[in-house]
> 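Have a look at this one.
Numbering of residues begins at 1 and proceeds along the displayed sequence.
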Amino acid sequence: MSKNYSIAMLEGDCIGPEITVEAVKVLRAIESRGEVTFDLRFSPFGGQAYFDCGQAFPEETKKVCDEADAILKGPIGLSFEDSQKIPVDEQPERGALLPLRRRYNTYANFRPVYLPAELAHFSPLKASVVEGGIDLMIIRELVGGLYFGAKERGTNADGKRFVHERLEYDEDQIRRILIVAFDEARKRKKVLHNVHKSNVLISSVLWNEVLAEVAEDYSDIEVKQIIVDAAATALVLNPRQFDVMVMENMFGDILSDLGGGLLGSLGLMPSACIGTEKSYYEPSHGSAPDIAGQGVANPYSMIGSVALMLEKSFGMGNEAKQIWEAMRAVFGQGFTTRDLGDPDGKHTFISTSDFGDKVVSALLSF
Ligand code: NAD
Ligand code: IPM
Ligand code: MN
C-alpha cells in the first residue's frame, strides 16, 4: 500500500503561484512511481488572501496547516505600492509569514547556498574564487530576535515619533538552534562558523556563552568565530572557506540573501523551516513583483524546497537526491532561466514552465 502525505499548499503572491505549479508537477512525477500519494490542499495565504478574504492568514488556512503533514509555501508579499493599501500590521509579512513561523515554532531555518562545480560560471565571482563550486549551509534562527521581540511606537514628551523594537533571546532558544547547527556540521565537514556581533550586542555575548556549553558535547567539531560584518566580506572574497554557518534571525536573513548573490540569483535559494512538531518549506527569496506574470521566474528554489520537504519531513532522501540531480541535468543540457544570465554564452533561456517540464522529464528518465 502506498503512503499518503497531506501537504498544505500556500501559493503566495506575485511569482508564488507560477513557481508552485512547477513544484506540483514534480510532486505528481514522484507520485507516478506508485509508492506515495500527496494530498495537496491549496489554501489562501499572503497579500492576495488579504484582498480576497480580509485576512492574510485566514482561519481556514490555519486549520488546513494544522492538519497537514507538512506545508509548502510560495513567497508572499506585494510591491511597495500595493503593500501601502494594507494596514501595516496586516501586511502579509507581519500578518501571515511571521505568524506562520510563530504558530509552528519553526526555529531552525536551513538555507543551502549551493552551486556545483559545473555551474560555477553562474556566480558573479571570479572563476578562480569559485572553482570547484560553492557548497555552504546557512542555519538561521527563525523565531526569535528582533523580528519577534516586543515593539512599541509612540510620540515622546517632545512630540517626536519614536519606536522601540527589542532583540529578545533566552538560552533555550539559543541552545536548540546551536544543537541543530552542530549536528549539521557533524554530518558535513565538522567545521562550524559561529556568526555573531559580541563586540557590541549582549545578545551575542549570551549566544556565545551558550555555544561554549553546547560545544562540550561536540568535541569532534571545530568551531570558528567570525563577526557578522566581517563574515559578509569573507563570504564574497572566499565563500569556499565556509561549510556550516549558524546565526541569529536577522543576520541570517541578510547573509542568506547575500548567499543568493554568490550563486548568481535568489532563484537558486530553497529553504527548510523546521519546527518542533511541524515544518514548512519555502524559497528564501521574496515574491519578485518585478517579474511576476512574465513566465520567467526560476522555479529551482521552489522545486528545491520540495526536495528538502521529501528529505526532512517524509524520509524520502533518495527521491530528494533525484530531484537535485534532475535540476542539474536541465542546466547540463544547456538550459537556464533568465535570472541567471548566460555568462558562458552556451545556454538557452527557457520559461518557468519549460524548466519544470524538463525537470520532470529528467526525473522520469532515472
Ligand atoms: P525578492 O526576493 O522578491 O526579489 C529580489 C530580486 O530577486 C528581484 O529582482 C527578483 O526578480 C529576483 N528574484 C527573486 N526570486 C526569483 C526567482 N525565483 N527567479 C528569478 N528572479 C528572482 O525581494 P524584494 O523585491 O525585496 O521583495 C518582494 C516582496 O517579497 C516583499 O513584499 C518582501 O517582503 C517579500 N518577501 C517574502 C519572502 C517570503 O515569503 N519568505 C522572503 C523575502 C521577501
Ligand atoms: C525571508 C524574508 C522574511 C524574513 C520577511 C518577508 C518576513 O525576508 O524569509 O528571508 O525577514 O524572514
Ligand atoms: Mn529575507
Side-chain angles (χ1 to χ4, degrees), residues 3-31 36-79 82-83 85-87 89-107 109 142-143 270-289 292-293 297 299 301-310 312-314 352-353 356:
K3 277 197 166 166
N4 179 60
Y5 293 108
S6 72
I7 306 172
M9 300 289 291
L10 315 180
E11 297 171 283
D13 298 315
C14 303
I15 65 165
E18 297 172 43
I19 57 177
T20 301
V21 171
E22 307 315 312
V24 171
K25 286 180 189 167
V26 170
L27 285 165
R28 294 300 180 217
I30 299 283
E31 240 182 358
V36 63
T37 54
F38 299 112
D39 179 8
L40 306 184
R41 303 187 181 174
F42 287 82
S43 303
F45 184 82
Q48 196 52 47
Y50 176 83
F51 293 128
D52 294 344
C53 320
Q55 280 176 313
F57 192 3
E59 290 307 314
E60 184 54 29
T61 300
K62 289 182 185 157
K63 195 161 164 274
V64 171
C65 292
D66 286 350
E67 288 167 2
D69 294 311
I71 301 165
L72 185 65
K73 178 197 151 289
I76 53 98
L78 304 169
S79 67
D82 285 342
S83 279
K85 299 174 189 158
I86 304 180
D89 287 338
E90 295 175 56
Q91 287 167 1
E93 296 82 349
R94 273 175 292 260
L97 183 51
L98 297 182
L100 176 76
R101 291 176 182 169
R102 194 194 298 268
R103 186 175 186 87
Y104 300 113
N105 216 352
T106 54
Y107 66 96
N109 186 204
L142 199 60
V143 294
S271 90
C273 309
I274 305 299
T276 40
E277 272 150 40
K278 197 181 300 275
S279 299
Y280 86 93
Y281 300 84
E282 65 173 352
S284 295
H285 58 71
S287 57
S301 55
M302 195 73 191
I303 297 173
S305 298
V306 169
L308 290 170
M309 177 175 69
L310 296 190
K312 292 184 185 292
S313 280
F314 304 154
T352 308
S353 126

> Could you walk me through whether Val306 and Glu22 satisfy the side chain to side chain contact (heavy atoms under 4.5 Å, CB included) test, starting with their C-alpha distance in whole Å, then the side-chain angles of each, then the deciding distance to 0.1 Å, before giving a yes or no?
CA-CA 10 Å; Val306 169; Glu22 307 315 312; over 6 Å; no
> For a side-chain contact (heavy atoms from CB on, under 4.5 Å) with Gln91, tell me which candidate from Ile86, Leu97, Asp82, Leu78 qualifies.
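Among Ile86, Leu97, Asp82, Leu78, the one that satisfies the side-chain contact (heavy atoms from CB on, under 4.5 Å) with Gln91 is Ile86.
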> Nearest 0.5 Å, please: how far is CD1 in Ile76 from CZ in Phe45?
6.0 Å
> Would you say the side chain of Lys25 lies within less than 4.5 Å of the side chain of Ser353, judging by non-hydrogen atoms?
yes
> Donor-acceptor pair, Thr352 side chain versus Ala297 backbone, under 3.5 Å?
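It does hold such a pair.
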> Among Pro75, Pro283, Ser284, find the residue that satisfies the side-chain contact (heavy atoms from CB on, under 4.5 Å) test when tested with Ser301.
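Going through the options one by one, the only one that passes is Pro283.
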> What distance separates Cys273 SG from Asn105 CG, expressed to the nearest 0.5 Å?
12.5 Å
> Measure across Ala56 and Ala96 and return the closest heavy-atom pair with its distance rounded to 0.1 Å.
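Taking Ala56 first and Ala96 second, the nearest heavy atoms are O-CB, 3.5 Å.
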> Side-chain contact, heavy-atom cut-off 4.5 Å: Val36 with Leu310?
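Contact flag for Val36/Leu310 side chains = no.
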> Can you find a heavy atom in the side chain of Tyr50 that is under 4.5 Å from one in the side chain of Pro87?
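Heavy-atom side-chain distance check passes, below 4.5 Å.
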> Determine yes or no for a side-chain-to-main-chain donor-acceptor pair under 3.5 angstrom, with Thr20 supplying the side chain and Gly16 the backbone.
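It does hold such a pair.
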> Minimum heavy-atom separation for Pro58 to Pro44, with atom names?
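The pair with the smallest heavy-atom distance is CD-O, 3.3 Å.
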> Could you tell me whether the side chain of Cys65 reaches within less than 4.5 Å of the side chain of Tyr280, counting heavy atoms only?
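They are not in contact (no side-chain heavy atoms under 4.5 Å apart), so the answer is no.
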> Output, in order, the C-alpha distance, side-chain angles, deciding distance and verdict of side chain to side chain contact (heavy atoms under 4.5 Å, CB included) for Ile30 and Phe38.
CA-CA 9 Å; Ile30 299 283; Phe38 299 112; 4.1 Å; yes
> Minimum heavy-atom separation for Ala8 to Ala68, with atom names?
N-CB, 3.5 Å
> Quick one: closest heavy-atom pair of Leu40 and Arg28, and the distance?
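Smallest heavy-atom distance, with atoms named: CD1-NH2, 3.4 Å.
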> More than 12 non-hydrogen atoms from neighbouring residues, nucleotides or ligands closer than 6.0 Å to CD on Glu67, yes or no?
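Buried by this count: over 12 neighbours within 6.0 Å.
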> Just verifying a value: how many Å separate Asn109 CG and Glu282 CD, rounded to the nearest 0.5 Å?
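Between atom CG of Asn109 and atom CD of Glu282 there are 7.0 Å.
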> Can a donor-acceptor pair be found between the side chains of Ser313 and Tyr5 at a distance below 3.5 Å?
no
> Judged by atom type as modelled, is there a donor-acceptor pair below 3.5 Å linking the side chain of Lys85 to the main-chain atoms of Phe51?
no
> For Arg103, is there any backbone N or O sitting under 3.5 Å from a side-chain donor or acceptor partner on Lys278?
no
> Could you please spell out the steps behind the side chain to side chain contact (heavy atoms under 4.5 Å, CB included) verdict for Ile19 and His285?
CA-CA 12 Å; Ile19 57 177; His285 58 71; 4.1 Å; yes
> With side chain to side chain contact (heavy atoms under 4.5 Å, CB included) as the test, would you mind laying out the steps for Met302 and Leu72 before giving the verdict?
CA-CA 9 Å; Met302 195 73 191; Leu72 185 65; 3.8 Å; yes
> Please give me the minimum heavy-atom distance between Gly304 and Pro270, naming the atom from each residue.
C-CB, 3.6 Å
> Is it the case that the side chain of Asp69 and the backbone of Ser6 share a donor-acceptor pair, with hydrogens and angles ignored and the cut-off at 3.5 Å?
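At least one qualifying donor-acceptor pair exists.
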> Might you point out which heavy atoms bring Ser271 and Ser305 nearest each other, and give the distance in Å?
N-OG, 3.5 Å
> Taking Gly47's backbone N and O only, do any of them form a donor-acceptor pair with Asp13's side chain (distance below 3.5 Å, no angle check)?
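Yes, the answer is positive, given that a donor and an acceptor are paired below the 3.5 Å cut-off.
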> What's the spacing between Ile71 CD1 and Arg41 CZ if we round to 0.5 Å?
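With rounding to 0.5 Å, CD1 (Ile71) is 12.0 Å from CZ (Arg41).
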> CG/Leu142 to CZ/Arg102 distance, rounded to the nearest 0.5 angstrom?
12.0 Å
> I need the Gln48 CD to Cys53 SG distance, nearest 0.5 Å.
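If I round to the nearest 0.5 Å, the distance is 9.0 Å.
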> Would you say that Tyr281 contacts Lys312 through its side chain, given a criterion of any heavy-atom pair below 4.5 Å between the two side chains?
yes
